[in-house]
Amino acid sequence: IADNKWTSFGQLELIETQTVTSVTNIDFTDIKQDIYNIHFMTITASQNVANENVSIRFLEGGVVQSGTHYQWALQNGGADGTFSESKSTTGTRVIGTRFADSGDPLMSYQYFYNLGDSTKYSFQTMHSVVDHSGVLEMRFGSGVMTRTTEVDGIRAYQNTGDQITGTFSLYGIRYS
């Protein structure tokens with residue numbers, strides 16, 4: 001607003017959009033963690049393999065953190081009345097989407113908190129929806145990297161190493 005001279009709290013500012021076809025990793029390496037305390041990501045994708053999540057890992061000093069220092073908890077629900085939960089206290093990632101059948105579209109959004117603050121844990125919350133075997137399903141939950149470190153990147157990937165196609169957009173939330 002007015003060439004960034006007036007405050008506009010909560011404004012979404014696009015950092016980067018990546019549209020990919022048949023890739024294994026989507027890396028955001030310039031997340032502007034020194035500017036934004038809260039980040040927002042949208043995912044619109046389809047998978048090339050059935051029953052897999054799009055997972056999220058954080059980068060520290062440009063290096064993907066894949067050790068067992070993630071925790072996550074999710075609630076799952078279907079239009080057919082089925083509900084469940086899933087969780088891990090020794091995860092190697094946080095979960096970014098609900099799993100889908102091969103080729104089915106999936107949508108998700110995530111919030112990331114404290115990524116640039118080396119004195120706090122880095123948190124994630126997520127919501128996703130997918131048509132899974134003809135049944136609308138949703139998932140919501142959260143995750144955390146249980147180390148205090150400055151996160152300077154985000155990787156989205158399919159957990160089995162298979163490929164994914166879609167559009168991934170990362171935003172910063174101004175003055176958060």
Side-chain angles (χ1 to χ4, degrees), residues 10-48 52-74 86-100 106-130 139-176:
Q11 175 180 327
L12 285 178
E13 296 183 344
L14 179 64
I15 296 171
E16 183 179 5
T17 293
Q18 296 185 43
T19 300
V20 297
T21 303
S22 297
V23 300
T24 54
N25 299 314
I26 299 92
D27 289 339
F28 292 92
T29 57
D30 184 16
I31 66 169
K32 302 181 185 333
Q33 73 277 7
D34 56 330
I35 298 172
Y36 303 110
N37 185 47
I38 301 174
H39 292 77
F40 178 73
M41 179 186 285
T42 60
I43 300 172
T44 304
S46 65
Q47 301 173 170
N48 296 338
E52 281 301 322
N53 299 302
V54 174
S55 295
I56 304 288
R57 285 185 174 148
F58 297 130
L59 282 68
E60 176 186 336
V63 176
V64 176
Q65 300 303 300
S66 59
T68 58
H69 38 264
Y70 295 94
Q71 295 182 11
W72 52 265
L74 305 168
S86 50
K87 58 190 171 202
S88 175
T89 58
T90 57
T92 59
R93 71 215 188 282
V94 295
I95 308 300
T97 67
R98 179 80 166 133
F99 57 78
L106 53 90
M107 282 88 21
S108 178
Y109 67 87
Q110 340 270 314
Y111 284 95
F112 300 99
Y113 304 91
N114 305 324
L115 299 186
D117 191 336
S118 63
T119 66
K120 296 180 180 176
Y121 287 168
S122 295
F123 288 90
Q124 170 247 24
T125 62
M126 63 81 70
H127 290 83
S128 72
V129 64
V130 65
R139 174 178 275 178
F140 66 90
S142 61
V144 62
M145 185 164 71
T146 57
R147 297 183 334 163
T148 55
T149 185
E150 180 180 346
V151 171
D152 60 3
I154 300 170
R155 169 172 283 179
Y157 69 100
Q158 192 154 342
N159 195 40
T160 60
D162 287 306
Q163 298 178 337
I164 192 163
T165 296
T167 300
F168 296 72
S169 295
L170 182 66
Y171 300 82
I173 298 182
R174 187 171 180 157
Y175 302 115
S176 53

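Index from 1, following the sequence.
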Worksheet, complete the sentence: Note: Thr97 and Ser108 closest approach over all heavy atoms is CG2-CB, 3.6 Å

Worksheet, complete the sentence: In short, Ile31 meets Tyr36 closest at the heavy-atom pair O-CD1, 4.2 Å

Item to complete: Kindly write out the residues that satisfy side chain to side chain donor-acceptor pair (under 3.5 Å) with Gln124, not counting sequence neighbours, or none if the list is empty.
Response: Gln110

Response to the item:
Residue pairs passing the salt bridge (charged side-chain N to carboxylate O under 4.0 Å, His left out) test with at least one member in residues 32-45, sequence neighbours excluded, are Asp30-Lys32

Worksheet entry | With sequence neighbours excluded, residues passing side chain to side chain contact (heavy atoms under 4.5 Å, CB included) with Ser122 | Phe58, Leu115, Val151

Item to complete: Dump the intermediate steps for side-chain contact (heavy atoms from CB on, under 4.5 Å) on Phe28 and Ile15, then the final yes or no.
Response: CA-CA 9 Å; Phe28 292 92; Ile15 296 171; 5.9 Å; no

Discussion item. With salt bridge (charged side-chain N to carboxylate O under 4.0 Å, His left out) as the rule and sequence neighbours excluded, what pairs involving residues 108-121 come up?
Written reply: Asp117-Lys120

Fill in: 4.5 Å side-chain heavy-atom contact, Ile154 and Leu59
no

Worksheet item: What is the minimum heavy-atom distance between Arg139 and Ser86, and which atoms define it?
Response: NH2-OG, 4.4 Å

Item to complete: Compare every heavy atom of Ser169 with every heavy atom of Thr17, then report the nearest pair and how far apart it is.
Response: OG1-OG, 2.8 Å

Discussion item. Return the CG to CH2 distance between Asn53 and Trp72, rounded to the nearest 0.5 Å.
Written reply: 7.5 Å

Worksheet entry | Atom pair OG1/CE of Thr42 and Met107 - distance to nearest 0.5 Å | 11.5 Å

Worksheet item: What pairs with Tyr109 under ring pair (Phe, Tyr, Trp, His ring centres under 6.0 Å), at least two apart in sequence or on another chain?
Response: Phe40, His127

Worksheet item: Just wondering, do Met126 and Val94 contact through their side chains at under 4.5 Å, heavy atoms?
Response: no

Worksheet entry | For Ser88, all residues meeting side chain to side chain donor-acceptor pair (under 3.5 Å), sequence neighbours excluded | none

Worksheet entry | Spacing of CD1 belonging to Ile164 relative to OG1 belonging to Thr21, to within rounding of 0.5 Å | 11.0 Å

Worksheet item: Do Tyr113 and Thr125 come within less than 4.5 Å of each other through their side chains, counting heavy atoms only?
Response: yes

Worksheet item: Which residues pass the side chain to side chain contact (heavy atoms under 4.5 Å, CB included) test with Val20, sequence neighbours left out?
Response: Gln18, Val23, Ile26, Phe168

Fill in: OG-CD distance between Ser118 and Glu150, expressed to the nearest 0.5 angstrom
6.5 Å

Discussion item. Walk me through whether Asn37 and Asn114 qualify under side-chain contact (heavy atoms from CB on, under 4.5 Å).
Written reply: CA-CA 5 Å; Asn37 185 47; Asn114 305 324; 3.4 Å; yes

Fill in: side chain to side chain contact (heavy atoms under 4.5 Å, CB included) involving Ser66 - partner list, sequence neighbours excluded
Arg57

Practice prompt. Using side chain to side chain contact (heavy atoms under 4.5 Å, CB included) as the criterion, list what pairs up with Thr148, not counting sequence neighbours.
Written response: Tyr121

Worksheet item: Under the side chain to side chain donor-acceptor pair (under 3.5 Å) test, which residues partner Thr167, sequence neighbours left out?
Response: Thr19

Fill in: Where Phe112 and Met41 come nearest, the two heavy atoms and their spacing
CE1-CB, 3.8 Å

Discussion item. My understanding is that only residues two or more places apart in sequence, or in another chain, count here; which of them pass salt bridge (charged side-chain N to carboxylate O under 4.0 Å, His left out) with Glu60?
Written reply: Arg147

Worksheet item: Looking only at heavy atoms, which two atoms of Ser55 and Ile95 are closest? And how far apart?
Response: OG-CD1, 4.3 Å

Practice prompt. For Asp27, enumerate each residue passing the salt bridge (charged side-chain N to carboxylate O under 4.0 Å, His left out) test, keeping only those at least two apart in sequence or located in another chain.
Written response: Arg155

